[in-house]
Chemist: 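Below are the structure tokens for one structure; questions will follow.
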Amino acid sequence: MPLALLALAVGAFGLGTTEFVMMGLLPDVADDLHISIPAAGHLVSAYALGVVIGAPLLAALTARLPRRRVLISLMALFVAGNALSALAPGYDSLLAARFLSGLPHGAFFGVGAVVATGLVAPERKARSVSLMFMGLTVANIAGVPVATLMGQHLGWRATFLGVSLIGVAAMAAVFFLIHPTHAPAPASGLRGEITALRSLPVWLALATTVVGFGALFSAYSYITPMLTGAAGYAGSDVTLLLALFGVGATIGNLVGGRLADHAMRGTLFGGLASMVAVLLLFPVLMRTEWSAALAVVLLGVAAFVTGSPLQLMVMERASAGPSLASSANQAAFNLANAGGAWIGGVALAAGFGVTSPAIAGAALAVLGLGVASVAYAVDRRQDALPTGHVRVVASHVPAPAEAVHS
């Protein structure tokens with residue numbers, strides 16, 4: 001695998017760290033700014049809103065620019081957002097800075113995935129995407145716990161300054177490790193990107209992401225009350241257990257990338273089916289401490305096996321202009337975060353028990369299997385059409401030339 005993928009992984013590590021570290025810093029931020037915990041929670045939502053808006057918007061605005069320049073610019077915006085977060089004088093300015101920090105998130109992953117697949121031979125595309133995503137999963141193992149400890153001992157502002165430095169390192173890595181010829185400007189331009197996004201298979205792939213990963217966040221959003229209320233863990237143990245989730249996510253991500261290069265659709269169906277099984281077992285696994293820890297790892301593995309196949313499926317269905325669709329898939333991941341958390345909360349508020357969000361998640365995973373099945377049926381129907389009618393969207397715009405290196 002090319003060393004250039006390391007540059008993308010460093011950027012993903014920084015993005016993953018700043019996205020999830022706010023959860024651990026909420027009490028510190030609330031105390032310092034004299035606001036309530038729920039108000040501080042809006043800082044998490046502000047980042048997610050930035051991702052949803054920024055992913056398609058920035059991908060569209062930069063559609064004609066060389067992708068290497070786009071990646072560096074996105075990380076510069078990321079550095080600025082986190083630096084402003086560290087220097088924010090009050091709650092409103094911090095809220096705006098968190099929104100700004102989220103804007104480049106989805107576009108970086110979306111454009112980065114296109115660049116990653118262009119760096120390798122066709123049979124290694126899913127693995128290249130998984131190696132970029134590994135920066136995100138490793139952030140849950142090392143980046144978030146370290147950044148949280150830094151915030152607790154040096155102040156939450158020091159955390160965001162540290163994350164800004166990670167962004168600077170990512171900019172340097174992209175500049176020195178990714179050659180301009182490996183990340184040229186797309187041949188299709190904005191018109192081709194928008195045309196590719198009008199494809200029904202693309203939207204079905206995006207819907208699979210929203211529903212499939214919604215299953216994860218339905219349970220993961222309430223993992224702390226499950227671990228403390230059902231398994232009997234102390235609140236101080238949760239940070240370590242969330243690191244175990246990161247270990248499982250890293251394993252699932254790497255396994256999923258390798259398997260998807262051999263059978264993308266089979267890996268996707270297998271991952272969603274595994275999610276159903278793991279989430280249905282949650283009420284049983286949460287009865288003891290050791291089995292609850294195992295459940296957290298298994299959840300990470302099952303969920304992230306599907307990450308690379310979902311990203312690659314969207315890109316392949318929008319092969320004429322993949323950057324916008326690839327970035328839109330990152331927005332879909334964040335919609336899954338918000339929607340899954342809401343559905344899990346409904347189950348919890350209805351009084352079905354502390355592990356009920358996991359059962360709600362299993363139902364979402366079943367729905368995800370249904371959407372993926374419809375997408376598969378549509379693909380098979382289009383493949384069966386005469387040559388002149390296959391992938392009509394892709395025929396309007398020539399696919400961008402990508403440099404291929406093993």
Side-chain angles (χ1 to χ4, degrees), residues 5-6 8-26 44 47-48 51 105 108-109 127 129-152 159 162-163 166 170 212-213 215-228 231 233 235-258 271 274-275 278-279 282 285-286 289-308 310-311 330 333-334 336-337 340-341 357-358 361:
L5 290 174
L6 176 63
L8 300 174
V10 172
F13 179 82
L15 290 163
T17 299
T18 199
E19 180 179 19
F20 294 109
V21 74
M22 182 55 75
M23 286 78 157
L25 296 178
L26 287 183
V44 178
Y47 186 93
V51 177
H105 181 114
F108 183 90
F109 276 107
R127 269 175 283 182
V129 173
S130 72
L131 287 177
M132 180 187 71
F133 281 172
M134 188 170 69
L136 178 65
T137 59
V138 170
N140 284 281
I141 302 174
V144 174
V146 171
T148 301
L149 287 174
M150 181 186 297
Q152 291 170 347
T159 294
V163 173
I166 298 175
F213 258 74
L216 164 66
F217 289 111
S218 177
Y220 187 67
S221 300
Y222 304 96
I223 196 70
T224 297
M226 289 189 211
L227 291 170
T228 57
Y233 277 103
S236 57
D237 297 327
V238 172
T239 300
L240 176 60
L241 290 164
L242 295 184
L244 287 179
F245 174 82
V247 171
T250 301
I251 295 171
N253 176 54
L254 293 175
V255 170
R258 182 169 290 274
S274 299
M275 283 275 286
V278 170
L279 290 171
F282 250 59
L285 294 175
M286 284 292 161
E289 290 187 354
W290 72 267
S291 59
L294 176 63
V296 171
V297 176
L298 291 177
L299 180 63
V301 174
F304 278 84
V305 161
T306 65
S308 297
L310 283 170
Q311 188 71 34
Q330 295 302 312
F333 279 120
N334 277 267
N337 189 339

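Only heavy atoms go into these numbers, but all of them, side chains included; no hydrogens, no water, no symmetry mates.
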Chemist: Please check: side-chain N/O of Asn253 versus main-chain N/O of Ser130, any donor-acceptor pairing under 3.5 Å?
Modeler: yes
Chemist: Nearest heavy-atom pair of Asn140 and Pro145: which atoms, and what distance?
Modeler: O-CD, 3.8 Å
Chemist: Taking the side chain as every heavy atom from C-beta outward, state whether Leu15 and Gln330 have any atom pair closer than 4.5 Å.
Modeler: no
Chemist: Could you grab the distance from atom CE of Met132 to atom OG of Ser308, nearest 0.5 Å is fine?
Modeler: 8.5 Å
Chemist: Can you name the closest pair of heavy atoms from Gly16 and Ala139 and give their distance?
Modeler: C-CB, 3.9 Å
Chemist: Rounded to the nearest 0.5 Å, what's the gap from OG1 on Thr250 to CZ on Phe245? Could you check?
Modeler: 9.5 Å
Chemist: Using 30° and 60° as the class limits, which term best fits the ring planes of Tyr220 and Phe217: parallel, tilted or perpendicular?
Modeler: perpendicular
Chemist: Do the side chains of Leu242 and Phe20 get nearer than 4.5 Å, heavy atoms only?
Modeler: no
Chemist: What is the minimum heavy-atom distance between Met275 and Gly212, and which atoms define it?
Modeler: CE-O, 3.8 Å
Chemist: Identify the heavy atoms of Phe282 and Ile223 that sit nearest to each other, and give their distance.
Modeler: CE2-CD1, 3.8 Å
Chemist: Rounded to the nearest 0.5 Å, what separation is found between the CG atom of Leu241 and the CG atom of Asp237?
Modeler: 6.5 Å
Chemist: Going by side-chain hydrogen bond (donor to acceptor under 3.5 Å, both in side chains), name the residues that satisfy it together with Thr18, two or more places apart in sequence or in a different chain.
Modeler: Asn82, Arg98
Chemist: Taking atom CZ of Phe304 and atom CG of Leu254, what is their separation to the nearest 0.5 Å?
Modeler: 11.5 Å
Chemist: Are the side chains of Phe133 and Gln311 in contact, using a 4.5 Å heavy-atom criterion?
Modeler: yes
Chemist: First locate atom CG of Leu131, then atom CZ of Arg258, and finally report the distance between them rounded to the nearest 0.5 Å.
Modeler: 9.5 Å
Chemist: If only atom types and distance count, is the side chain of Thr306 paired as donor or acceptor with the main-chain N or O of Ala303 below 3.5 Å?
Modeler: yes
Chemist: Measuring from Leu299:CG to Leu294:CG, what's the distance to the nearest 0.5 Å?
Modeler: 11.0 Å
Chemist: Which atom pair, heavy atoms only, marks the closest approach of Ala292 to Met286?
Modeler: CB-SD, 3.7 Å
Chemist: State, to 0.1 Å, how close Thr17 and Ala147 come at their nearest heavy-atom pair, and which atoms those are.
Modeler: CG2-CB, 3.9 Å
Chemist: Taking the side chain as C-beta and beyond, is there a heavy-atom pair between Ile141 and Leu244 under 4.5 Å?
Modeler: no
Chemist: Who are the side-chain contact (heavy atoms from CB on, under 4.5 Å) partners of Gln152, not counting sequence neighbours?
Modeler: Asp28, Thr148, Leu149
